2 protein chains.
Amino acid sequence: MTETRWLDEDEQQTWRAFLWTSRLLNEALDRQLQRDSGLPHAYYVILVMLSEAPGRELTMSELARLARSSPSRLSHAVNRLEESGWVRRVKHPGDRRTTFAQLTDEGFEVLAAAAPGHVEAVRQHLFDPLSREQVLELRETLRTVLTTLDRDGESPDLFGSGGGRS
Amino acid sequence: MTETRWLDEDEQQTWRAFLWTSRLLNEALDRQLQRDSGLPHAYYVILVMLSEAPGRELTMSELARLARSSPSRLSHAVNRLEESGWVRRVKHPGDRRTTFAQLTDEGFEVLAAAAPGHVEAVRQHLFDPLSREQVLELRETLRTVLTTLDRDGESPDLFGSGGGRS
DNA sequence: CTTCAAATGTTGAGAGCTCAAGTAACCTCA
DNA sequence: TGAGGTTACTTGAGCTCTCAACATTTGAAG
């Protein structure tokens, strides 16, 4: 148990800016999509991932990985999307554990109708205020963070987060 | 209705990186705080804002503004925090509409106990992988985005988002 | 082959959030 | 002074998410 290294002023400000930005951006997009297309942003992402997949279908596992969703969350989401008729579940013929999620034609239509407004909102809130240089810098920075987040997420605690901080 | 300006490759990648980063980061912090201190990250932020306020109290409105929360969300949150004994509601003597939220001593203790683990997690996931230069760049970029987000949020639609896009 | 661990996915309960609707107090101004 | 708008805050219903538990199927090891 070592002394806590608190955030310095720069870090504090950066952290809060990140927090507020991601909060407000998420809420703005959620509101826009919900209002205009009746689906939350997380569900929109699921439809996008399916639409980009070969045959517009993916196993639940693959879909969860691509959408960075927990299996549970995805399952609940697909339940709802299936009720809406936008996604269909299909059993895998070979391996009876795995299930495909397929984007239906109707789901594709909904996505196609939702996309322009969504992209416009992303542009307005995120890209319009930034220079191209800032966008590229931002991408690199986020990729760096994402790499460690993904690494930490895969094998949480193989070597113990409590032990080896010497 | 003009043609949609889709995101180019750089923008697409930047956008998804932002999305995944903010998602994973939020989830990691939520899990850590929930596990170690029994409160979601949004509630932690509320306690922090109160702890930094003079007299450790704020009106609900001010608190909502600082924590970038809707009044409704804040009200629900304070209900729960009050049940836990970490926050207390006090009526304003002069203006009977307004209510103060006060951080209790017990709430302060909980916050003090939660802070080191939380800061450690933020450091590990966000700041450790970044150079100081990246941190400062990131801060500027986020501030820029935040400025327009705040501006858009305050007066949504004074001039109509449907009309004047000519 | 049988057993046991791993992989895939689902469910239900509980908690937080959103949105729309409400209540109550204050303020303005004719 | 009282009518109408504004400000401050709360509530309830519905929806999504989390977490833990579960069921099923597959693969591996003896």
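Basis for what follows: all heavy atoms, side chains included, without hydrogens, waters or symmetry-related copies. Bear in mind that the values here come from a model prediction, so they are computed numbers and not experimental data. A, B, ... follow the sequence lines: proteins, then strands. Residue 1 opens every chain.
With a cutoff of under 4.0 Å to any heavy atom of chain B, the contacted region of DNA chain D is bounded 5' to 3' by D:dT7 to D:dC19.
Within 6.0 Å of CG in A:Asp128 there are more than 12 heavy atoms belonging to other residues, nucleotides or ligands.
Heavy-atom nearest nucleotides on DNA chain D were determined for A:Asp95 and for A:Ala77, and the one closer to the 5' end corresponds to A:Ala77. Heavy-atom distances to DNA chain D give each of B:Leu74 and B:Glu27 a nearest nucleotide, and the one nearer the 5′ end belongs to B:Leu74.
Within 4.0 Å (heavy atoms only), A:Ser75 reaches at least one base atom of the nucleic acid. If you check every strand for non-hydrogen atoms under 4.0 Å, B:Arg89 touches sugar and phosphate atoms only. Within the nucleic acid shown, A:Gly38 has no heavy atom closer than 4.0 Å to any nucleic acid atom.
Residue A:His76 places no side-chain atom within donor-acceptor reach of the base of C:dG9, judged by atom type and a 3.5 Å distance cut-off alone.
Of the residues in residues 66-73 of chain A, those lying under 4.0 Å from DNA chain C by heavy-atom distance are A:Pro71, A:Ser72. Contact check of residues 44-55 of chain B against DNA chain C (heavy atom, cut-off under 4.0 Å) returns no residues at all.
Connection of A:Phe127 to A:Val48 is established within a shared hydrophobic cluster, with ILVMFWY side chains joined at heavy-atom distances below 4.5 Å, either directly or through further cluster members.
For the pair B:Arg80 and B:Tyr43, the cation-pi test (distance below 6.0 Å, angle within 45°) is failed.
Within the 4.5 Å cutoff, side-chain heavy atoms of A:Leu7 are placed close to those of B:Arg123. By the 4.5 Å heavy-atom criterion applied to side chains, A:Lys91 and A:Arg96 are not counted as neighbours.
The aromatic rings of B:Phe100 and B:His92 lie parallel to each other, with less than 30° between the two planes, well short of the 60° mark.
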